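What you are looking at is a predicted structure, and each value in this text was computed from that prediction instead of being measured. Note on naming: letters A, B, ... go to the chains in the order of the sequence lines (proteins, then strands), and numbering restarts at 1 for each one.
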Number of protein chains: 2
Amino acid sequence: MGQTEGGEKPGTRAEMREETERLILDAAEEVFAESGFGGATMQAIADACGLPKANLHYYFSNKEKLYRRVVERIFTIWLEAAGSFETSATPDVALRRYITRKMQLSREHRFGSKVWANEVMHGAPIIQDYLETTLRRWTETRIAVIQGWIDAGHIRPINPRWLMYTIWATTQHYADFAHQIETLNDGPLDEAQWQDATETVCGILLRGIGIDPGTGA
Amino acid sequence: MGQTEGGEKPGTRAEMREETERLILDAAEEVFAESGFGGATMQAIADACGLPKANLHYYFSNKEKLYRRVVERIFTIWLEAAGSFETSATPDVALRRYITRKMQLSREHRFGSKVWANEVMHGAPIIQDYLETTLRRWTETRIAVIQGWIDAGHIRPINPRWLMYTIWATTQHYADFAHQIETLNDGPLDEAQWQDATETVCGILLRGIGIDPGTGA
DNA sequence: AACAGACCTGACCATTCAGTCAAGATTTTT
DNA sequence: AAAAATCTTGACTGAATGGTCAGGTCTGTT
């Protein structure tokens, strides 16, 4: 606790622990994303982060606890992104920013998105409570906001729920189905393609609800 | 080969075999959808169709062959649906019909859709060749058609590829994320909700590309 | 330097699970 | 009715895997 800043490499005990945990969580996220919970093995995760398997069990008592931590971390990131849906902004700005942020997440957190998708597809055994509480509340407030836009005549009258699902689906698709997209594209999307895709998605969805979107960039 | 029609229950040897295989494939599809390939066990599939495990191995020599057959069957259904994208029709009709058909598939073949999603998310180890051949060809022809609509000024200029992905994503979401949707909805969507969701998706996407959609029903 | 506590790991164990097998039942053919 | 083919199944096996543990190492404290 003496000098907080310093060598960076050694760090305090707690810092080193956190760092190792992050190393394991990163590896676990990737392995869980690529193999699912059942298909992933502790050995594969150990190999992915270069630690002996027994060491993983020192930090995370068992596979399920490790998985749980991975999922919780993803939910945190999701929540942060959810904050970019500014309820005070105009629909144009709020939706464009939210969609853009979600596309960015799909690009930068592909594995996390896949783990989330897997978890939900398998009946959300771990995150059911989050769905019922946090996600539900968040969704309901946004639906209310969208309904307000409709009542004010800013956007076309549609069921806000289906609009939310459309946004989630479209943006997440670029992470969850990245392999399919890359196969059809002969390789990963490049910077320009990501921008184009993002702009196209914004354009379709905004016009779809009756907004004439301003220029993208 | 004598009387082809008749009792229906007994059937010929080949018919009974086919029926048993279908029974197993149905159960396997559900179990694979809910647990993933790695998480699914032959015993669970056996229980799901009420046969002893050893019997499964009589019909399908191993787990991977069974899985492969499940995936192939799904691809067949997908292909059939792909046919509803009428290249000769106007964009309005073609897209509305295709989207509607895909929404219907999400409702009626939830398990199949989930297995497909799982397969792709895990790098498509089984269906890679389909992606590269059949799916690729199909996609390219539809992209050409859409591009034709753009050139003719029927729809707004957008990259047809991102439009295809948006359609796939949005419609499949209702199967793959059914659990999340049902949690937020306090239960499965009813008939009216499915119709409303379908109409909303059609409305958003068609307007999104610059078509004023005719009435839904 | 000695000690204590946190961290690391190879070897091991118990369980689970895909896949086998041999013997029996059932249906078809001769 | 006998023989042959197909189908069924309980019991078993070998390999993989989650998890344990005893003993070692490193780090910070006194």
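Side chains of A/Gln193 and B/Asn159: a donor-acceptor N/O pair is absent below 3.5 angstrom, by distance only.
For the pair B/Ala54 and A/Met42, both in contact range of DNA chain D, the more 5′-proximal nearest nucleotide belongs to B/Ala54.
Computed from coordinates, the A/Met16 CE to D/dT27 P distance equals 7 Å when rounded to whole Å. Taking atom NE2 of residue B/His57 and atom C1' of nucleotide D/dC7, one finds them 16 Å apart after rounding to whole Å. The separation between B/Phe60 atom CZ and C/dT20 atom C1' is 18 Å, rounded to whole Å. D/dT9 atom C1' lies 12 Å from atom CD of B/Gln43, rounded to whole Å. Here the P atom of nucleotide C/dC17 and the CG atom of B/Leu66 are 16 Å apart, to the nearest Å. Computed from coordinates, the B/Asp47 CG to D/dT9 C1' distance equals 14 Å when rounded to whole Å. Between the CG atom of A/Leu23 and the P atom of C/dC8 there is a distance of 11 Å, rounded to whole Å. Note: CG (A/Asn55) to C1' (C/dA6) measures 12 Å, nearest angstrom.
If you check every strand for non-hydrogen atoms under 4.0 Å, B/Ala40 touches sugar and phosphate atoms only.
With hydrogens and angles ignored, no donor-acceptor pair closer than 3.5 Å exists between the side chain of B/Lys63 and the base of C/dG19.
Not less than 6.0 angstrom separates the ring centroid of A/Trp138 from the ring centroid of A/Phe75.
For B/Lys53, the side-chain atoms get nearest to C/dG19 when compared with the rest of D/dG19, C/dG19, D/dT9. When each of C/dG10, C/dT20, D/dT20 is scored by its nearest atom to the side-chain atoms of A/Pro52, the top-ranked nucleotide is C/dG10.
When each of B/Leu95, B/Thr200, B/Thr166 is tested with B/Leu205 by the rule side-chain contact (heavy atoms from CB on, under 4.5 Å), just one qualifies, namely B/Thr166.
Contact between the side-chain N/O atoms of A/Tyr59 and the OP1/OP2 oxygens of C/dC8 is found at a separation under 4.0 Å. OP1 or OP2 of D/dC7 sits under 4.0 Å from a side-chain N or O of B/Tyr58. OP1 and OP2 of D/dG18 both lie 4.0 Å or more from every side-chain N or O belonging to A/Asn62. At the phosphate of D/dT6, neither OP1 nor OP2 sits under 4.0 Å from any side-chain N or O atom of B/Arg17.
Of the charged side-chain nitrogens involved, at least one lies within less than 4.0 Å of a carboxylate oxygen, so that A/Arg136 and B/Asp186 count as a salt-bridged pair. The residues A/Glu182 and A/Arg110 are annotated as salt-bridged, a charged nitrogen and a carboxylate oxygen being separated by less than 4.0 angstrom.
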